[in-house]
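For reference, the structure is listed below as structure tokens.
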Amino acid sequence: MKVIFLGTPDFAVKPLRAIIESQNHQVVGVVTQPDRPVGRKNIITPPPVKVVANEYNIPVFQYEKIRAEGVDDLKSLNADIMITCAYGQILSREIIDICRYGIINIHASLLPKYRGAAPIQYAIINGEKTTGVTVMQTEEGLDTGDILEAFETPIGETETAAELFERLSNLGAQNICAVLDKIESGNIVKTKQDDSLATVVKTIKKEDATVDFSKNCETVKNLINGMNPWPVAYTYFGGKKLKFYRAGVAMGQGEIGEVIRADKKLVVACGEGAVEILEIQEEGGKAMSALSYLNGRKLKVGDILGR
């Protein structure tokens, strides 16, 4: 089939490559967000998907508002189907209806759970044991279309959102061409979502990453792992910010936020139980293992974090 691919971040790169390199399908156009300033120096940087499209000399279209600017371009490509993967803009009914097979979306959760923004992070933050990738038919609602295929995977005990992001991108890439084959052959089975089971998640903000050690240890651990790579969970000690990149559940008890072990392991008491901080970054420093941090830093048993 002739495919138009709409995507923006790294998550979309591997699925795009998989389709480009497939034998049965041809990517005739790539739509992505405009180049944006990145980093402290505000260097104008193309989205990862654009970089890949340029490698293969595939036409790239970038719109501030695809609904207003993109309809004629997309029609001119005469594609059979569009695929979205973390594109980042809402599509109009006019755009949804351009291709004979409509639009399908590669979504990083097992729908109807975790519709909307940050599904990978919330799966970890909420303590899910499994997640996956859903390929769905795009409709005008927020991730409300029929499920075409779903691919499940377990979440590791101390797996971070950054690691899960990479695995789910691979999972989408490994399966998207088979889904396209089924659609083309007429063998796809559509399953309506049960809206009563839907969970819609909000965009994560920096303040959501504050660690509250009064919560139970599982909740604290999940927050820390779910906030990596952004915005990164944090607390304060001695007026300086401490960032936590990975944590696990540990044995022990003490005052809320109290360091109860600081030798080869960094263990902090929670409202119930304790967490072991596995990766940490001191304000002005680099991220490192807790063991490396403890070898040269000032935390000791009895210190209270969060003050």
| Side-chain heavy atoms under 4.5 angstrom apart, residues restricted to Ile, Leu, Val, Met, Phe, Trp, Tyr: same cluster for Met227 and Val268? | yes

| query | Heavy-atom distance under 4.5 Å between the side chains of Val51 and Asn54, does that happen here? | reply | no

| query | For the side chain of Thr32 and the backbone of Gly7, is there at least one donor-acceptor N/O pair under 3.5 Å apart? | reply | yes

| query | Going by atom types alone, do Arg36 and Thr45 pair a side-chain donor with an acceptor below 3.5 Å? | reply | no

| query | Do Asn222 and Thr219 get their side chains close enough for a donor-acceptor pair, meaning under 3.5 Å? | reply | no

| query | Are Ile103 and Met1 grouped together when hydrophobic residues (ILVMFWY) are joined by side-chain heavy atoms under 4.5 angstrom apart? | reply | no

| Non-hydrogen side-chain atoms of Lys202 and Asp208 separated by less than 4.5 Å | yes

| field | Side chains of Val38 and Ile43 in contact at under 4.5 Å (non-hydrogen atoms) | value | no

| Could you state the interatomic distance from CZ (Phe151) to OG1 (Thr134), rounded to the nearest 0.5 Å? | 9.0 Å

| Check: Asn175 and Val135 side chains under 4.5 Å, non-hydrogen atoms | no

| request: Take Thr160 and Asn225 through the side chain to side chain donor-acceptor pair (under 3.5 Å) test and state the conclusion after the steps. | output: CA-CA 4 Å; Thr160 66; Asn225 294 334; over 6 Å; no

| field | Which atom of Ala269 lies closest to which atom of Gly254, heavy atoms considered | value | CB-N, 3.6 Å

| field | Derivation of the salt bridge (charged side-chain N to carboxylate O under 4.0 Å, His left out) call for Glu152 and Lys129 | value | CA-CA 11 Å; Glu152 189 171 322; Lys129 301 302 181 186; over 6 Å; no

| query | Should the pair Lys75-Asp72 be classified as a salt bridge under the 4.0 Å nitrogen-to-oxygen rule? | reply | no

| task | Rounded to the nearest 0.5 Å, what's the gap from OG1 on Thr131 to CG on Leu171? Could you check? | result | 9.5 Å

| message | To check you understand the geometry: which heavy-atom pair defines the closest contact between Tyr56 and Val52, and what is its length? | response | CD1-O, 3.2 Å

| field | Side chain proximity check, Glu272 to Cys217, heavy atoms < 4.5 angstrom | value | no

| Glu149 and Lys190 ion-paired at < 4.0 Å | no

| query | Rounded to the nearest 0.5 Å, how far apart are CD1 of Ile280 and OG of Ser292? | reply | 11.5 Å

| request: Apply side-chain contact (heavy atoms from CB on, under 4.5 Å) to Val275 and Val267, showing your working. | output: CA-CA 6 Å; Val275 290; Val267 179; over 6 Å; no

| said: Hydrogens and angles aside, do Arg115 and Gln193 bring a side-chain donor and acceptor to less than 3.5 Å of each other? | reply: yes

| request: Kindly indicate whether the side chain of Val232, heavy atoms from C-beta on, has any atom under 4.5 Å from the side chain of Phe244. | output: no

| query | To the nearest 0.5 Å, what is the distance between OG1 (Thr144) and CD (Glu139)? | reply | 6.5 Å

| Between Asn24 and Ser22: side-chain donor-acceptor atoms closer than 3.5 Å | no

| Any salt bridge between Glu157 and Lys221, counting N to O under 4.0 Å? | yes

| Hey, are Glu94 and Arg67 close enough for a salt bridge, meaning a charged N less than 4.0 Å from a carboxylate O? | no

| request: Could you verify whether a donor N or O on one side chain and an acceptor N or O on the other, from Asp73 and Tyr63, lie under 3.5 Å apart? | output: yes

| Where the side chain of Gln121 meets the backbone of Gly226, is there a donor-acceptor pair that is under 3.5 Å apart? | yes

| query | Just how far is it from atom CD of Glu21 to atom SG of Cys177, taken to the nearest 0.5 Å? | reply | 9.5 Å

| Does a side-chain heavy-atom distance below 4.5 Å link Val179 with Lys182? | no

| task | Tell me yes or no: between the side chains of Gln33 and Gln62, is some donor less than 3.5 Å from an acceptor? | result | no

| query | Should Trp230 and Lys206 count as side-chain neighbours, where that means a heavy-atom distance under 4.5 Å? | reply | yes

| Cluster link Val133 to Ile104, ILVMFWY, side chain under 4.5 Å | yes

| query | Is the backbone N or O of Glu166 less than 3.5 Å from a side-chain atom of Ser169, with the two atoms forming a donor-acceptor pair by type? | reply | no

| request: Kindly give the heavy-atom pair with the smallest separation between Ala79 and Lys2, and that separation in Å. | output: CB-O, 3.5 Å

| Lys/Arg cation over aromatic Tyr234: Lys241, 6.0 Å, 45° cone | yes

| said: Checking Asn170 against Lys14: is there a side-chain donor and acceptor pair closer than 3.5 Å? | reply: yes

| task | Quickly, which of Val3, Ile183, Leu180 forms a side-chain contact (heavy atoms from CB on, under 4.5 Å) with Tyr101? Name it, please. | result | Ile183

| field | Worked check of side-chain contact (heavy atoms from CB on, under 4.5 Å) between Arg167 and Thr153 | value | CA-CA 9 Å; Arg167 289 206 300 114; Thr153 186; 2.7 Å; yes

| Just checking, is any N or O donor in the side chain of Tyr114 or Glu128 under 3.5 Å from an acceptor N or O on the other one? | yes

| Testing Ile98, Leu74, Leu6 for side-chain contact (heavy atoms from CB on, under 4.5 Å) with Leu91, which one passes? | Leu6

| Atom CD1 of Ile90 with >12 non-hydrogen neighbours under 6.0 angstrom | no

| request: Apply side-chain contact (heavy atoms from CB on, under 4.5 Å) to Ile224 and Tyr245, showing your working. | output: CA-CA 6 Å; Ile224 291 170; Tyr245 287 81; over 6 Å; no

| Minimum-distance pair of heavy atoms, taken over all atoms of Pro15 and Ala173 | N-CB, 3.6 Å

| message | I'd like to know if Met288 and Leu278 are part of one continuous hydrophobic network [Ile/Leu/Val/Met/Phe/Trp/Tyr, side-chain heavy atoms within less than 4.5 Å]. | response | no

| query | Centroid-to-centroid, Phe165 to Phe11, below 6.0 Å? | reply | yes

| Does the distance from a Lys or Arg side-chain N to an Asp or Glu carboxylate O, for Asp263 and Arg261, drop under 4.0 Å? | yes

| query | Do Lys243 and Glu283 meet the salt-bridge criterion of a basic N to acidic O distance under 4.0 Å? | reply | no

| task | Answer yes if the side chains of Asp80 and His25 hold a donor-acceptor pair under 3.5 Å, and no otherwise. | result | no

| message | On a heavy-atom basis, which atom in Pro47 and which in Thr8 lie closest, and how many Å separate them? | response | CB-O, 3.6 Å

| query | How far apart are the C-alpha atoms of Asp143 and Met136, what are their side-chain angles, what is the distance that settles it, and do they pass the side-chain contact (heavy atoms from CB on, under 4.5 Å) test? | reply | CA-CA 8 Å; Asp143 300 326; Met136 56 167 286; 4.2 Å; yes

| Check: Gly306 main-chain N/O paired with Thr235 side-chain donor or acceptor under 3.5 Å | yes

| remark: Heavy-atom closest pair (Ile304 atom, Arg307 atom, distance to 0.1 Å) is CG2-NE, 3.4 Å

| Distance from Thr138 atom OG1 to Ile81 atom CD1, nearest 0.5 Å? | 9.0 Å

| Would you call Glu55 and Arg17 a salt bridge, using N to O less than 4.0 angstrom? | yes

| query | Would a hydrophobic clustering, with Ile, Leu, Val, Met, Phe, Trp and Tyr connected at side-chain separations under 4.5 Å, put Val71 with Met82? | reply | yes

